[in-house]
Amino acid sequence: MSLAVAQRALENYHDVTVDDDGSLTFAHGGVLCVVQGMDLEEGLPVLNLMCVVAWDLPLEQDVPTRIALGAGEGLFGTPKVIRGEVGWDVTLRYAFPASGLDEKAMGTLLMLVVSSASSLRAELTG
């Protein structure tokens with residue numbers, strides 16, 4: 001049910017694709033995003049939003065230090081830096097209990113997270 005609310009909320013802003021496993025995918029400002037849902041226990045639905053912020057950033061840019069020093073610092077989401085084959089890859093993840101959130105509240109929360117991811121992307125790639 002939480003994914004259905006998230007889907008309706010996101011469709012106010014983005015084209016959303018529902019994948020075979022029920023997850024939702026969309027793009028915001030060059031950031032690729034996926035929302036997945038699970039029940040941690042009965043009555044406790046949790047949504048996980050994962051944003052692929054940037055990929056293949058040059059290794060000579062000290063992306064891990066920039067992230068550690070607060071690049072794209074926001075209230076919503078945890079950034080992670082991975083050294084890929086070609087360069088640095090950066091993701092932003094936010095998980096939250098979704099029960100009781102109506103479409104408007106869900107949309108606000110999701111857009112706060114993806115806006116943080118887009119801001120981080122702009123800071124790292126611009």
Side-chain angles (χ1 to χ4, degrees):
M1 176 150 166
S2 300
L3 272 175
V5 175
Q7 180 180 353
R8 289 192 308 272
L10 287 167
E11 286 174 340
N12 290 318
Y13 306 99
H14 301 289
D15 291 328
V16 177
T17 301
V18 180
D19 297 326
D20 291 340
D21 64 356
S23 61
L24 311 173
T25 57
F26 64 99
H28 177 84
V31 175
L32 306 174
C33 304
V34 63
V35 179
Q36 299 170 306
M38 71 171 115
D39 288 328
L40 285 182
E41 64 177 59
E42 188 174 330
L44 184 55
V46 173
L47 292 183
N48 180 55
L49 172 59
M50 174 70 75
C51 301
V52 180
V53 174
W55 52 94
D56 297 340
L57 295 173
L59 292 173
E60 51 275 357
Q61 293 181 11
D62 192 0
V63 174
T65 298
R66 290 177 68 190
I67 296 293
L69 293 174
E73 193 169 277
L75 298 176
F76 299 97
T78 303
K80 182 173 183 176
V81 180
I82 302 156
R83 186 181 178 134
E85 290 182 28
V86 177
W88 299 111
D89 300 333
V90 181
T91 61
L92 184 90
R93 181 174 169 251
Y94 187 69
F96 59 97
S99 61
L101 292 177
D102 66 14
E103 185 177 321
K104 183 176 179 185
M106 180 76 74
T108 298
L109 182 57
L110 291 170
M111 292 313 297
L112 284 169
V113 179
V114 297
S115 293
S116 291
S118 292
S119 295
L120 178 56
R121 177 177 173 78
E123 189 171 334
L124 292 173
T125 62

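By the criterion of side-chain heavy atoms lying less than 4.5 angstrom apart, applied directly or through intervening Ile, Leu, Val, Met, Phe, Trp or Tyr residues, M50 is not grouped with V31; the two fall into different hydrophobic clusters. In this structure, V16 is a member of the same hydrophobic cluster as Y94, with clusters built from ILVMFWY side-chain heavy atoms closer than 4.5 Å. The same ILVMFWY cluster, assembled from side-chain heavy atoms under 4.5 Å apart, contains both V90 and F76. Linking ILVMFWY residues whenever their side-chain heavy atoms come closer than 4.5 Å, directly or via other members, leaves V46 and L109 in distinct clusters. Using a 4.5 Å cut-off between side-chain heavy atoms of Ile, Leu, Val, Met, Phe, Trp and Tyr, with links allowed through other members, L124 and L59 fall into the same hydrophobic cluster.
Expressed to the nearest 0.5 Å, how far CZ of R121 lies from CG of L92 amounts to 13.0 Å. Note that CG of L49 is 10.0 Å distant from CG of L24, once rounded to the nearest 0.5 Å. Here the CG atom belonging to L3 is positioned 9.0 Å from the CG atom belonging to D21, to the nearest 0.5 angstrom. Between atom CG of residue L32 and atom OG1 of residue T91 there is a gap of 12.0 Å, rounded to the nearest 0.5 Å. The distance from the CG atom of L57 to the OG1 atom of T125 is 7.5 Å, given to the nearest 0.5 Å. Atom-to-atom distance recorded for H28:NE2 and L110:CG is 11.0 Å, nearest 0.5 angstrom.
Between V114 and Y13, every side-chain heavy-atom pair lies at or beyond the 4.5 Å cut-off.
For residues 37-63, the pairs satisfying side chain to side chain donor-acceptor pair (under 3.5 Å) are N48-R93, D62-T65, with sequence neighbours left out. Sorted by first and then second residue, the salt bridge (charged side-chain N to carboxylate O under 4.0 Å, His left out) pairs involving residues 77-88 (not counting sequence neighbours) form an empty list. Under the salt bridge (charged side-chain N to carboxylate O under 4.0 Å, His left out) criterion, the residue pairs touching residues 2-18 are R8-E103, with sequence neighbours excluded.
Shown here for G29 and S118, the closest heavy-atom pair between the two residues is CA-OG, 4.0 Å. Nearest heavy-atom pair across P97 and L44 is CB-CD1, 4.1 Å. In plain terms, the two heavy atoms of A117 and V53 that are nearest each other are O-CG1, 3.7 Å. Of all the heavy atoms in A6 and M106, the pair that sits closest is CA-CG, 3.7 Å.
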Worked verdict on D19 versus T25 for side chain to side chain contact (heavy atoms under 4.5 Å, CB included):
CA-CA 7 Å; D19 297 326; T25 57; 2.9 Å; yes
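Judged by distance alone, with hydrogens and angles left aside, the side-chain atoms of S2 form no donor-acceptor pair with the main-chain N or O of L47 at under 3.5 Å.
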